[in-house]
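Read the structure below first, then the notes.
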Number of protein chains: 2
Amino acid sequence: MSDHFRNAVIKKLNNGDFDCTKEFTVSMFSGKHKLLILWILINDGPQGFSYFMKRLKGISKKVLSNQLNELIGDQIVSKREYLSGKVHHTEYQLTDIGQTLIPIVIALNDWGENRLKQVSLVKKFNNDL
Amino acid sequence: MSDHFRNAVIKKLNNGDFDCTKEFTVSMFSGKHKLLILWILINDGPQGFSYFMKRLKGISKKVLSNQLNELIGDQIVSKREYLSGKVHHTEYQLTDIGQTLIPIVIALNDWGENRLKQVSLVKKFNNDL
DNA sequence: CAGGATCCACCCTGATACTG
DNA sequence: CAGTATCAGGGTGGATCCTG
């Protein structure tokens, strides 16, 4: 999923079409890594830019920066900056609004876990024949 | 959202990376219209191809066909075909697996509804100043 | 009625290089 | 450390035309 989706939803909203409530929610985490970013924030608490770089292996700075900024724009995540010496540090954390997404993220995770379990059981079964 | 996301998840799974359970769930409705398709199926029950064409104004046949086929591939939706005279008819409906997504779709909708309500209240408030 | 085939435009992701 | 700028690649949605 990319942000074709997010952009489409934003367009709809700008056009006064407020009848896309589910899409709106999904647009909060449409973006290849946003869900993982949220997951990390939920489980590991507030983190800095480099922490996400480590956890999201393969992600580029630009993309990480974009996704974080979109989350900030959606008021799901907030950012704090500070300097220690000459070095620039950051800390990202869930906003109050972001926290209301937690049950949904967990539900998504649970559903996926169960489904993948089923799928692999079926695979195993077929392999056993 | 498009299926960058879906494809990425499928790739991960094929690589034996089963640690993307939330992404897997989201990939079920990654695709610009899938969520609406599911919503229609949930609220209006089984429907034919043309019904979706009417409800999803602006969607092209190809895209609708693609999204339905992906939903079928994910075993979220099943399809029945029959001919009346020389005319080809279809009926799509949620599978048992698809039905397990209902609570999630509803949760997505509720969250979006509440959030949009907040947003428009804030807007109204600012306009009233 | 359903839907496959083609061509096109858009945009997101990814890689690299540069800056405060 | 935390980004931004730029460029290339790949994929999806959209429009149109054709078929069983």
Side-chain angles (χ1 to χ4, degrees), chain A residues 1-12 20 23 26-27 29-37 46-73 77-93, chain B residues 1-12 20 23 26-27 29-37 46-73 77-93:
Chain A
M1 162 168 353
S2 16
D3 296 353
H4 276 285
F5 194 82
R6 188 169 184 271
N7 291 330
V9 173
I10 291 173
K11 236 181 227 167
K12 275 193 184 180
C20 56
E23 288 86 349
V26 172
S27 75
F29 42 78
S30 76
K32 198 170 169 185
H33 308 275
K34 280 189 198 169
L35 215 43
L36 253 178
I37 292 173
Q47 298 295 341
F49 192 86
S50 58
Y51 187 79
F52 294 104
M53 287 298 290
K54 280 178 211 153
R55 290 290 304 271
L56 308 172
K57 299 190 176 182
I59 195 173
S60 70
K61 288 181 176 185
K62 191 193 81 172
V63 174
L64 175 57
S65 180
N66 277 348
Q67 312 242 328
L68 286 170
N69 283 329
E70 287 186 358
L71 287 169
I72 291 170
V77 167
S78 65
K79 173 184 178 178
R80 219 164 49 102
E81 306 183 68
Y82 57 93
L83 286 122
S84 69
K86 285 186 177 178
V87 185
H88 189 204
H89 284 262
T90 57
E91 191 178 74
Y92 296 88
Q93 62 174 311
Chain B
M1 168 170 352
S2 17
D3 296 352
H4 274 284
F5 195 81
R6 188 170 182 269
N7 292 330
V9 173
I10 291 174
K11 233 181 228 168
K12 275 193 183 180
C20 55
E23 288 86 350
V26 172
S27 76
F29 40 77
S30 76
K32 196 170 168 183
H33 308 275
K34 280 188 195 169
L35 215 42
L36 252 179
I37 292 174
Q47 299 296 339
F49 192 86
S50 57
Y51 186 78
F52 293 104
M53 287 297 290
K54 278 176 212 153
R55 289 291 303 271
L56 309 172
K57 300 191 176 180
I59 194 173
S60 71
K61 289 182 175 184
K62 190 195 79 172
V63 174
L64 175 57
S65 181
N66 277 349
Q67 312 242 330
L68 286 169
N69 283 330
E70 288 186 357
L71 286 168
I72 292 171
V77 166
S78 65
K79 174 184 180 179
R80 220 165 47 104
E81 306 183 67
Y82 56 94
L83 287 122
S84 68
K86 283 184 178 180
V87 184
H88 188 203
H89 284 265
T90 57
E91 191 177 76
Y92 296 87
Q93 63 175 309

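So you know, we letter chains A, B, ... as the sequences are listed, proteins then strands, and number each from 1. Computed from a prediction, not measured in an experiment: that's the story for all the values here.
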### Message
Test of understanding: with ring pair (Phe, Tyr, Trp, His ring centres under 6.0 Å), list the residues that count as partners of A:His88, not counting sequence neighbours.
### Response
none
### Query
Given D:dT12, is OP1 or OP2 found less than 4.0 Å from the side-chain N or O atoms of B:Gln67?
no
### Query
How far does CG of A:Leu68 sit from NZ of A:Lys61, to the nearest 0.5 angstrom?
13.5 Å
### Query
Within the structure, does a side-chain N or O atom of B:Asn69 lie under 4.0 Å from either OP1 or OP2 of C:dG4?
yes
### Task
Taking only the side-chain heavy atoms of B:Asn7 (C-beta and beyond), determine which of D:dG3, D:dG11, D:dG13 contains the nearest atom.
D:dG11
### Distance in Å, A:Glu91 CD paired with A:Gln47 CD, rounded so as to fall on 0.5 Å steps
7.5 Å
### Query
Got a second to check how far B:Ile37's CD1 is from B:Arg55's CZ, nearest 0.5 Å?
11.5 Å
### Task
Nearest whole angstrom, please: distance from the P of C:dT13 to the CD1 of A:Ile37.
10 Å
### Message
Tell me whether B:Gln67 contacts the main-chain N or O of B:Lys34 through its side chain, where contact means a donor paired with an acceptor under 3.5 Å.
### Response
yes
### Message
Testing the basics here: between B:Arg6 and B:Ser30, what is the closest heavy-atom pair and its distance to 0.1 Å?
### Response
CB-OG, 3.4 Å
### Query
Which pair of heavy atoms, one from A:Lys57 and one from A:Lys54, lies closest together, and at what distance?
CG-O, 3.4 Å
### Message
In this structure, how many angstroms lie between the C1' atom of D:dT12 and the CG atom of B:Leu64, rounded?
### Response
15 Å
#### Entry: A:Asn66 CG - D:dA5 P separation (whole Å)
11 Å
### Task
Quickly work out the A:Lys32 NZ to D:dG10 P distance and round it to whole Å.
13 Å
## Note on the structure
Rounded to the nearest 0.5 Å, the CG atom of A:Leu64 sits from the NE2 atom of A:His33 at a distance of 8.5 Å
### Task
Can you sort out which residues in residues 80-92 of chain A have a heavy atom within less than 4.0 Å of DNA chain D? Ascending by number, please.
A:Val87, A:His88, A:His89, A:Thr90, A:Tyr92
### Whole angstrom value for the distance that separates C1' of D:dT12 from CD1 of B:Ile10
14 Å
### Task
Rounded off to whole Å, could you give me the NE2-to-C1' distance for the B:His33 and C:dG3 pair?
16 Å
### Query
Should the ring pair B:Phe52 and B:Tyr92 be called parallel, tilted or perpendicular, given that the plane angle runs from 0 to 90° and is split at 30 and 60?
perpendicular
### Task
Check each residue of residues 49-62 of chain B for a non-hydrogen atom within less than 4.0 Å of any atom in DNA chain C, then write out the ones that pass by number, or none.
B:Phe49, B:Ser50, B:Lys61, B:Lys62
